[in-house]
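The analysis underlying the following values was restricted to heavy atoms, covering all of them including side chains, and did not include hydrogens, waters or symmetry mates. Position 1 is the first residue of the sequence, and the numbers go up from there.
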Amino acid sequence: MMNPTLETCVTNCPPASVPDYLPADALRALQLRRLQAVVTRAWSQVLPFRARMDECGLTPEGIRSLEDIAKLPFTQKSDLRDNYPFGLFASPMKEIVRLHASSGTTGKPIVVAYTKQDIDVWTSVLGRALAGCGLHRGDIIQVAYGYGLFTGGLGAHYGAEGLGATVVPASGGHADRQIMLMKDFGVTAMCCTPTYFLHLIDVAAEMGVDMKELPIRAGVFGAEPWTDAMRAHIEKMSGIEAFDIYGLSEIIGPGVGCECRRHQGLHIFEDHFYPEVVDPETGATLPEGELGELVLTTLSKQAMPMIRYRTHDITRLLPGRCACGRTLRRIDRIGRRSDDMLIIRGVNVFPSQVETALLTVDGALPHFQIILTRSQGLDQMEVQVEVTPNMFNDKIGALQELHGKLQHALDRVLGIRVKVTLVEAHTIERSEGKAKRVIDRRTA
Ligand code: DLL
């Protein structure tokens, strides 16, 4: 649903004033200049990068066209870990104004750094992302991504402020207080993870607050995979327009790409981040339209340039131009990572498939958890799924029927038999940030 005031504002913005609308030739020329500069910077300032270039027999002068990017070595998350904490910095500490860190599943976090200029770039791309969602000066934007070492909170905060909007820096947690702020301050947009917003919808209902009656009209959700089925559910329950925003700490944080109001993929802010899609196995560059692993190069980052960073996020570059008029290329929504695949009795299963299957069935809530166990050498997968509160009060037959429907939906989508357990609403632990979808209790 298009809000007329928003649409007017979006179309009234002079397109040429933002790089989103640069003619493709000018954009490519800018990208090449920036690529050459960033490679030179990394080569002269970052020893491990220079060593990699030497191994490939490459110098920065070898980069003469954008296609030459494929000659450059990849950077992996392990490079950040191996050079913990500051080994990949290309600026002296006195130039670095901010550090963020992202917790890994094991050991030390990875550390990322920003100069003042990097923060300005981040603010500008996030501002462009929010503008693409139809937000502007006069909007009141509540940021419920965590503030702290995680990039979500401060990233969205600076972007919203840069846009000239009013920011409510709520950070994560205290769902009842979030609802109170939304209501009392007349919040018009929310930035948080999609699963946290789902939780807020529930809490609002418990507090007797109808989200559809509140001024909120947009949600800018990311930091974890979520499906179109989840979007439809959120929009139906809250009356807002839900946008997908993507990013990762290593590249800058949120704001690498974002949907516009057409919702036809996420525009990558290509003047700062160069996207490629590669075959996850061979690393070969894939043509537009083909599904593979997203590889990103920062074109303007000073403190910590990332050259051909393997994101492990699976997507494709969408062909053609978006009807919104932006010349920035788009990626498909990220449904999965190359490393979140579960192999259950030889069959590949992704948590996003479970989400899609569950949301096809009325009475199931999009709160679920996958529990993996191993019994007599055989992997077992259980999907615990919350059901609407009235279900447990209903006759037993209704629960059995729902169970049967869910079992059928999951069997069909996953192609393997999994155990379905219906649990009461609010049983599965809520997260203030990224949801934990999989609990792996398998022992080696
Ligand atoms: O999650 C940055 C962020 C904050 C993005 C707020 C959007 C909103 P990291 O903690 O480093 O950074 O995690 C990055 O999260 O490689 C993806 O696997 C996943 N991810 C982020 N956004 C999306 C999205 C932040 N929109 C990792 N859809 C990435 C799917 C996403 N996955």
Q) Can a donor-acceptor pair be found between the side chains of H174 and Q178 at a distance below 3.5 Å? A) no

* To do: Could you verify whether a donor N or O on one side chain and an acceptor N or O on the other, from Q31 and R28, lie under 3.5 Å apart?
  => yes

Item to check | Geometric cation-pi criterion, K77 with Y309: 6.0 Å, 45° | outcome: no

**Prompt:** Is there a donor in the side chain of R128 and an acceptor in the side chain of H267, or the other way round, less than 3.5 Å apart?
**Reply:** no

Contacts of D176 meeting salt bridge (charged side-chain N to carboxylate O under 4.0 Å, His left out) (sequence neighbours excluded), chain-then-number -> none

Are more than 12 heavy atoms, taken from residues, nucleotides or ligands other than K116, located less than 6.0 Å from that residue's NZ atom? no

Sorted by chain and number, sequence neighbours left out, side-chain hydrogen bond (donor to acceptor under 3.5 Å, both in side chains) with T166 holds for none

Show which side-chain atoms of residues 185-193 pair as donor or acceptor with protein atoms under 3.5 Å away, not counting sequence neighbours.
residue: T188; atom: OG1; partner: D139; partner atom: OD1; Å: 2.6
residue: T188; atom: OG1; partner: I140; partner atom: N; Å: 2.9
residue: T188; atom: OG1; partner: I140; partner atom: O; Å: 3.2
residue: T193; atom: OG1; partner: Y196; partner atom: N; Å: 3.2
residue: T193; atom: OG1; partner: G433; partner atom: O; Å: 2.9

### Query
Under a 4.5 Å cut-off applied to non-hydrogen side-chain atoms, are E259 and C133 in contact?
no

In this structure, NE2 of H100 is separated from OG of S249 (nearest 0.5 Å) by 8.5 Å

Salt bridge (charged side-chain N to carboxylate O under 4.0 Å, His left out) filter on K212, not counting sequence neighbours, yields none

Residue set satisfying salt bridge (charged side-chain N to carboxylate O under 4.0 Å, His left out) with D210, at least two apart, ordered chain then number -> none

The side-chain hydrogen bond (donor to acceptor under 3.5 Å, both in side chains) partners of R337 (sequence neighbours excluded) come to D313, D339

(Q) Could you check whether T115 and Q117, counting side-chain N and O atoms only, form a donor-acceptor pair closer than 3.5 Å? (A) no

